[in-house]
Amino acid sequence: MTPRIQVLADTGDALLDRLAAVRAGGDIPLIGDDRWPQAQWEAVREQAATVPVPEDAAWATLTSGTSGSPRIVLRTAASWERSFGAISALLAGPGEMQPPTDLSDQQILLPSPPASSLTLFSLAHALSGGPRPVQPTSPDAAGATLFHGTPQALRSLLARDAAPQLRTALVGGSPLDASLRAEAEDRGIRIVSYYGAAELSFVAVDTGQGLRAFPGVELAVREGELWVRSSFTALTTLPGVPQTSTGPLRRDGDWASVGDLASLEDGQLTVHGRVDGAILTASATVIPEEVEAGLRQLPGIADALVVGLPVGDVGAGGGIGALVAAILEPEPGIDPPTARELKHLAAQRFTLSHRPRLWFHGTLPRTASGKPARAEALRRLRAGEVERCG
C-alpha cells in the first residue's frame, strides 16, 4: 500500500510515541510548526494529501525557508539510518566507546522545534537507539549531556547556563563562529559542527580542524559549486507552499547539489553560501555569508545578516545592482556601534565592493530552527520596519 503523509502537531513529550506509531503503520510523519498561521497549516495538509508519494518514502521534513517558503523533503528510512553510527561516534567522542556506540542512556537537548529537519533527525535517531530527546523547557534539561541545534541556540544556552552537564554539542544549520566555539570549549564542551542541508543530510563535519567530508560522503566542486555523492540524499523535494518551484535540489547521476558555492583544498571544505543568495552590486558578486562572518568579529556584535537591497527601494542611481545592507544584532546590554563607527571598521576589513552601504540594527528574524531568515529580513527592510544605525 502506498504510504501517505500525516501532518502532525508538536505534541511535546508524546511526540516520539506518535512518530513511532505513524512509522509502524507504514505512513510518513511530517511535523508542523505551532507558530504557523492557520492558512499555512491548511496549505501543507492539502499538499500532503494530494501529491504523489514514492513507495519507499519514510520521513518528510521541511527545508528551513531561509530564502522563501519552506518545501517538503521526502526521504527513505535508510537515508538517515546509515548515518546514525557515525553521529553516535561523534557525540560519544574519540576513545570513549568502541562501535557500536550506544547512547540510549543519555539525553540530548533539542532546542529547535520538531518541524526543523535537524531536530526530526535526532528524533528518528532516538527511535533507533540514539540518545533520548529533551526540550529546553523539560525538567530533565539540566541533566542533558548532549546537544543538537543551531549556533544561536547554543549561544542562548551558554548565556543562561541552562545545561551544566553538557559535554558534547552537535551544531549545524548555519556557520559557527570561532568565538562561540572557543567559549563552549572553555566550559569543557566538545564542539562538533557540521555543514548539511535538508535535501542532502550531513555533508561535512568539523571537530576543530576545519570542515571535511562526513563519513561516507564524497565531495566535488564544479565551477565553484559543491556537488555531493552519498547514500544520505533525499528522494525528492516537493513544490513549496504555496506551490512554486521544487527548490534547489539537482541531480547528475549519483551526485546531487543544492547550489552552494564552495572551495575544496587538500580535503578541507569552505562553503561560501547559496548561489541564489549572491548579491550583484557594482559589477561584483558578494556572498552574504562571507560578509556576515567578518561582521560577527566586530566588537559588540552578537550576530549579523546581509542581504541585497534593490536600488529602487532606496532611490539609488542605476548601474549599481543591489546595495549590500547589513542588519546587526548587538550583544545584550551593549549599545550598537554608530553608522560612522561601522563604516570605519568595515573599511579596515572588507574590499570596497563588500562593504555594506546600509546599516541597521535590531533582533534578526529567524526561521523555526533558528537560522537567520533572509526573505523575511528583506521584507522588513523594504517595508521600513528595521531601524537604521545612527
| query | Between Val271 and Leu261, is any pair of side-chain heavy atoms under 4.5 Å apart? | reply | no

| message | A side-chain contact here means heavy atoms from C-beta on lying under 4.5 Å apart; do Leu166 and Leu157 qualify? | response | yes

| Option among Val7, Val53, Val22 that satisfies the side chain to side chain contact (heavy atoms under 4.5 Å, CB included) test with Ile28 | Val53

| Is a side-chain donor or acceptor of Arg355 paired with a backbone partner of Arg349 at a separation under 3.5 angstrom? | no

| Salt bridge or not for Glu183 and Arg155, using N-O below 4.0 Å? | no

| Is there a donor-acceptor contact under 3.5 Å from the side chain of Glu341 to the main chain of Thr338? | yes

| note | d(Thr363 OG1, Leu328 CG) to nearest 0.5 Å is 12.0 Å

| said: Assess whether a salt bridge exists between Arg296 and Asp177, defined as any Lys/Arg side-chain N lying under 4.0 Å from an Asp/Glu carboxylate O. | reply: no

| request: Indicate yes or no for a side-chain donor-acceptor contact from Ser257 to the backbone of Leu226 under 3.5 Å, with no hydrogens or angles considered. | output: yes

| request: Step by step, work out the side-chain contact (heavy atoms from CB on, under 4.5 Å) result for Ile87 and Leu91. | output: CA-CA 6 Å; Ile87 288 299; Leu91 288 171; 3.9 Å; yes

| query | With a 3.5 Å cut-off and no angle check, do the side chains of Ser116 and Thr119 form a donor-acceptor pair? | reply | yes

| message | Using 0.5 Å steps for rounding, measure from the CH2 atom of Trp59 to the CD1 atom of Ile5. | response | 13.5 Å

| task | Give a yes or no on whether the backbone of Leu158 and the side-chain of Arg187 come within a donor-acceptor separation of less than 3.5 Å. | result | yes

| task | Report yes or no: do Val192 and Leu180 belong to one cluster of Ile/Leu/Val/Met/Phe/Trp/Tyr joined by side chain heavy-atom distances under 4.5 Å? | result | no

| field | Non-hydrogen side-chain atoms of Val171 and Phe147 separated by less than 4.5 Å | value | yes

| field | Validation row: Leu146, Leu170 side chains within 4.5 angstrom (heavy atoms) | value | no

| field | Side chain to side chain, Leu16 and Pro133, heavy atoms closer than 4.5 Å | value | yes

| request: Could you check if a side-chain atom of Ser112 sits within less than 4.5 angstrom of a side-chain atom of Leu118, using non-hydrogen atoms only? | output: yes

| Check: Glu218 side chain, Arg229 main-chain N or O, donor-acceptor pair, under 3.5 Å | no

| request: Under the ring-ring contact (aromatic ring centres under 6.0 Å, His included) rule, collect the residues that match up with Phe84, sequence neighbours excluded. | output: Phe121, His125

| task | Mark yes or no: Arg388 above the aromatic ring of Phe360, with NZ or CZ under 6.0 Å from the six-membered ring centre and no more than 45 degrees from the axis. | result | yes

| query | Are Leu211 and Leu154 connected in a single hydrophobic cluster, I mean Ile/Leu/Val/Met/Phe/Trp/Tyr linked by side-chain heavy atoms less than 4.5 Å apart? | reply | no

| Run the salt bridge (Lys or Arg N to Asp or Glu O under 4.0 Å) check on Arg379 and Glu385 step by step: do they pass? | CA-CA 9 Å; Arg379 185 201 67 76; Glu385 297 175 4; 3.0 Å; yes

| said: Set out, in order, the CA-CA distance, both residues' side-chain angles and the distance that settles side-chain hydrogen bond (donor to acceptor under 3.5 Å, both in side chains) for Thr207 and Gln209, then state yes or no. | reply: CA-CA 6 Å; Thr207 57; Gln209 292 78 42; 3.2 Å; yes

| Can you find a pair of side-chain heavy atoms, one from Leu176 and one from Ile191, that are under 4.5 Å apart? | yes

| said: Is any side-chain heavy atom of Arg340 closer than 4.5 Å to one of Lys343? | reply: no

| query | Looking only at heavy atoms, what is the nearest atom pair of Ala20 and Leu127, with distance? | reply | CB-CD2, 3.9 Å

| remark: residues 41-63 vs salt bridge (Lys or Arg N to Asp or Glu O under 4.0 Å), sequence neighbours excluded, gives none

| message | So that I can tick it off, tell me whether Arg374 and Glu292 are bridged by a salt bridge, with the cut-off set at under 4.0 angstrom between side-chain N and carboxylate O. | response | yes

| field | Cluster link Val51 to Ile72, ILVMFWY, side chain under 4.5 Å | value | yes

| message | What's the separation between atom CG in Leu110 and atom CZ in Arg132, rounded to the nearest 0.5 Å? | response | 12.0 Å

| message | I'd like to know if the side chain of Asp206 reaches the main chain of Tyr194, judged simply by a donor and an acceptor atom lying under 3.5 Å from each other, with no hydrogens or angles considered. | response | no

| request: Give a yes or no on whether the backbone of Leu364 and the side-chain of Glu329 come within a donor-acceptor separation of less than 3.5 Å. | output: yes

| task | Assess whether atom CD of Glu265 is packed by more than 12 heavy atoms of other residues, nucleotides or ligands within 6.0 Å. | result | no

| said: Tell me whether the NZ or CZ atom of Arg251 lies within the 45° cone about the ring axis of Trp227 and under 6.0 Å from its centre. | reply: no

| task | Report the C-alpha distance between Val286 and Val291 in whole Å, list the side-chain angles of each, state the deciding distance to 0.1 Å, and finish with yes or no for side-chain contact (heavy atoms from CB on, under 4.5 Å). | result | CA-CA 8 Å; Val286 176; Val291 180; 3.7 Å; yes

| Of all heavy-atom pairs between Ser79 and Arg75, which one has the smallest distance, and what is that distance? | OG-NH1, 2.8 Å

| message | Please tell me whether Phe232 and Phe214 form a close aromatic pair, meaning their ring centres lie under 6.0 Å apart. | response | yes

| request: Would you sort out whether Leu269 and Tyr195 count as a side-chain contact (heavy atoms from CB on, under 4.5 Å), showing the intermediate values? | output: CA-CA 10 Å; Leu269 178 70; Tyr195 156 73; 4.1 Å; yes

| said: For Leu15 and Ile31: C-alpha separation, side-chain torsions, deciding distance, then whether side-chain contact (heavy atoms from CB on, under 4.5 Å) applies. | reply: CA-CA 9 Å; Leu15 180 59; Ile31 305 176; 3.7 Å; yes

| field | Spacing of Leu19 atom CG and Leu8 atom CG [to the nearest 0.5 Å] | value | 6.5 Å

| field | Derivation of the side-chain hydrogen bond (donor to acceptor under 3.5 Å, both in side chains) call for Gln152 and Arg366 | value | CA-CA 10 Å; Gln152 174 66 16; Arg366 298 185 183 277; 3.1 Å; yes

| request: Can you sort out the partners of Arg222 under salt bridge (Lys or Arg N to Asp or Glu O under 4.0 Å), two or more places apart, ordered by chain and number? | output: Asp252

| task | Answer yes or no: is there a donor N or O on one side and an acceptor on the other, between the side chain of Ser156 and the main chain of Ala153, under 3.5 Å? | result | no

| field | Donor-acceptor side-chain pairing of Arg181 and Ser193 below 3.5 angstrom | value | yes

| remark: In terms of heavy-atom contacts, Ala339 and Cys389 come closest through CB-O, 3.7 Å

| query | When you check the side-chain N and O atoms of Thr145 and Gln106, is any donor under 3.5 Å from an acceptor? | reply | yes

| said: For the CG atom of Leu120 and the CG atom of Leu30, what is their distance to the nearest 0.5 Å? | reply: 8.5 Å

| remark: The reported gap from CD in Glu290 to OG1 in Thr270 (rounded to nearest 0.5 angstrom) is 9.5 Å

| task | Of all the heavy-atom pairs spanning Ala115 and Gly32, show the shortest one and how long it is. | result | CB-O, 3.6 Å

| task | Answer yes or no: does atom CD of Glu223 have more than 12 heavy-atom neighbours from other residues, nucleotides or ligands under 6.0 Å? | result | no

| For the student: nearest non-hydrogen atoms of Leu309 and Ala325, plus distance | CB-CB, 4.3 Å

| request: Determine, using the 4.5 Å side-chain heavy-atom cutoff (strictly less than), whether Leu200 and Leu235 are members of one ILVMFWY cluster. | output: no

| field | Joint cluster assignment, Trp359 & Phe350, ILVMFWY side-chain distance < 4.5 Å | value | yes

| message | Strictly below 4.0 Å, N to O, side chains only: are Arg212 and Asp266 in salt-bridge contact? | response | no

